[in-house]
Amino acid sequence: MAEELMPETPEESAEAEEQPIKQRKNGLYPGVSDELAQSMKSGWADTELHGLEPIAQATHTARRRAALSARFPGERLVIPAGRLKTRSNDTEYAFRASTEYAYLTGDQTQDGVLVLEPKGDAHEATVYLLPRSNRENGEFWLDGQGELWVGRRYSLTEAEQRLGIPAKDVRELPEQLREATGPVRQVRGHDTTVEAALTDKVTAERDEELRVFLSEARLVKDEFEIAELRKACESTALGFEDVVKVLDKAEETSERYIEGTFFLRARVDGNDIGYGSICAAGPHATTLHWVRNDGPVRSGELLLLDAGVETTELYTADVTRTLPINGRFNALQRKIYDAVYEAQEAGIAAVKPGAAFRDFHDAAQRVLATKLVEWGLLGDLDVEKVLELGLQRRWTLHGTGHMLGMDVHDCAVARTEAYVQATLEPGMCLTVEPGLYFQADDLTVPEEYRGIGVRIEDDILVTEDGNVNLSDSLPRQADEVEAWMAGLKG
Ligand code: GLY
Ligand code: MN
Ligand code: MN
């Protein structure tokens with residue numbers, strides 16, 4: 001990659017060291033002749049776009065803001081998109097807007113901030129953004145965030161038309177926040193500039209109430225969100241197919257080939273992967289969050305692939321398939337796989353409106369405990385005693401699912417009574433993902449079990465009369481998995 005314009009001689013370099021970076025970047029840079037500076041100011045076409053249509057979710061974001069407004073009357077609410085995070089020197093990590101900001105605006109611009117200012121009984125929303133780069137003062141081509149370096153931004157007028165929210169220059173915001181009177185709440189953790197401006201006006205406890213509200217607001221998805229989750233699942237299914245087609249290449253290289261293959265699908269179809277892909281071959285499948293993905297891929301072993309495409313509007317799938325790398329399960333792999341499949345079927349059947357959130361977990365755990373007892377892994381204990389003592393958890397390890405949406409573990413700061421202790425409602429979307437994991441060094445199971453890990457995970461939408469499996473275009477039943485793999489490998 002290119003560096004920002006550098007001084008041309010050692011003398012100039014020394015001179016430049018002494019000047020504050022801001023000044024250097026804003027047009028007083030040594031090594032730029034007056035003629036060049038003059039030239040860069042003009043000769044550019046007017047590219048302003050007129051009459052832009054609102055984004056597809058503008059009516060939904062307006063409704064979401066109205067719900068937020070109703071919950072916090074009379075209070076100024078500040079919701080930042082977040083800022084770039086430095087990776088090293090002048091390179092940054094890929095930017096991903098905060099979930100809260102994107103949910104309320106449909107926008108994903110770095111440094112953006114949504115402010116809801118109380119007006120009468122309601123609020124007036126303003127989105128604060130970096131405007132188009134100024135070409136007169138050199139910011140356009142000399143500043144690291146100038147449009148010549150990072151690409152064209154929407155003008156504030158264009159942004160207003162697209163988002164349906166009045167837009168102002170974000171550089172004015174810190175001063176306005178410092179001067180603001182009355183109660184304020186902010187979503188923390190995304191924008192240090194905003195936080196510094198509000199430091200004397202907010203409390204952690206009140207800010208947390210705002211974050212909790214926004215987490216709970218996402219428990220029930222609207223129709224735009226459900227369509228996005230469907231898209232995420234469709235792209236994810238294609239990504240799994242991509243992987244099956246290149247398993248021979250993965251055998252020649254490593255789990256990284258699988259990670260890279262899925263990532264390509266995520267970037268081309270969507271925004272990104274929704275979380276670090278778990279590409280766990282052989283005994284790595286027993287490590288729940290195996291994201292190093294640097295191990296060998298061997299015929300005769302299983303591949304546990306847990307991956308999800310995040311759509312361009314930032315909704316992610318979260319899907320796991322456990323696949324025989326050579327296309328056929330052996331007898332023991334199939335016995336364990338079938339048990340997890342049966343547990344998942346029981347779990348999915350328990351997802352319906354009015355059911356307790358915990359029901360699907362309990363249903364899946366009961367099946368797994370029964371299998372473990374049948375296989376003689378729990379001595380003389382019966383299933384009820386095993387469940388009472390939770391002894392199956394040595395091999396089932398994790399909860400059976402979680403809410404899904406813009407975050408893979410969506411709604412994560414919702415109150416217990418609103419989520420884990422609540423009942424399911426139409427429009428909720430959750431994963432059902434039981435698993436069995438026999439660690440390679442587990443001396444309590446027969447040797448042939450050791451190093452086998454199986455998880456099957458699908459994304460289930462609660463409907464008026466039950467549920468829909470959004471990820472069911474990927475087969476789960478063992479024979480169907482084998483037939484699907486054979487078809488793809490040709
Ligand atoms: N991929 C993380 C999870 O399944 O929850
Ligand atoms: Mn997962
Ligand atoms: Mn999951």
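Position 1 is the first residue of the sequence, and the numbers go up from there. Side-chain atoms are counted along with the backbone in the values below, which use heavy atoms only and exclude waters and symmetry mates. In listed order, ligands and their atoms are each counted from 1.
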Tell me whether [X] at atom [atom1] has more than 12 heavy atoms from other residues, nucleotides or ligands lying less than 6.0 Å away.
| X | atom1 | result |
| --- | --- | --- |
| Arg230 | CZ | no |
| Arg358 | CZ | no |
| Glu447 | CD | no |

Check the Mn ion (ligand 2) and write out every protein N, O or S atom at under 2.8 Å, as residue and atom.
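Correct list: Asp306 OD1, Asp306 OD2, Asp318 OD1, Glu457 OE1.
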
Can you tell me if, anywhere in His402, an N/O/S atom lies at a distance from the Mn ion (ligand 3) that is smaller than 2.8 Å?
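Here the distance criterion (N, O or S atom, under 2.8 Å) is met by His402, so yes.
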
Which atom of Met428 lies closest to which atom of Leu219, heavy atoms considered:
CG-O, 3.3 Å

Given the options Thr400, Asp458, Thr320, Gln344 meets side chain to side chain donor-acceptor pair (under 3.5 Å) only with Asp458

Does the ring of Tyr437 carry Arg455 above it, NZ/CZ under 6.0 angstrom from centre and within 45° of its axis?
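No; the conditions do not both hold, so Arg455 does not lie above the ring face of Tyr437.
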
Considering only NZ, NE, NH1 and NH2 on the basic side and carboxylate oxygens on the acidic side, decide whether Asp207 and Arg185 come within less than 4.0 Å.
no

Write out the protein residues near ligand 1, meaning a non-hydrogen atom under 4.0 Å from one of its atoms, in order of chain and number.
Tyr275, Asp306, Asp318, His402, His409, Glu433, Glu457

Mind telling me whether Tyr419 and Phe357 have parallel, tilted or perpendicular rings, with 30° and 60° as the class edges?
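Judged by the thresholds at 30° and 60°, the geometry between Phe357 and Tyr419 is perpendicular.
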
Using 30° and 60° as the class boundaries, would you call the ring planes of Phe224 and His60 parallel, tilted or perpendicular?
tilted

Return yes if a side-chain donor-acceptor contact under 3.5 Å exists between Glu225 and Tyr315, otherwise no.
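Yes - a donor-acceptor pair under 3.5 Å links their side chains.
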
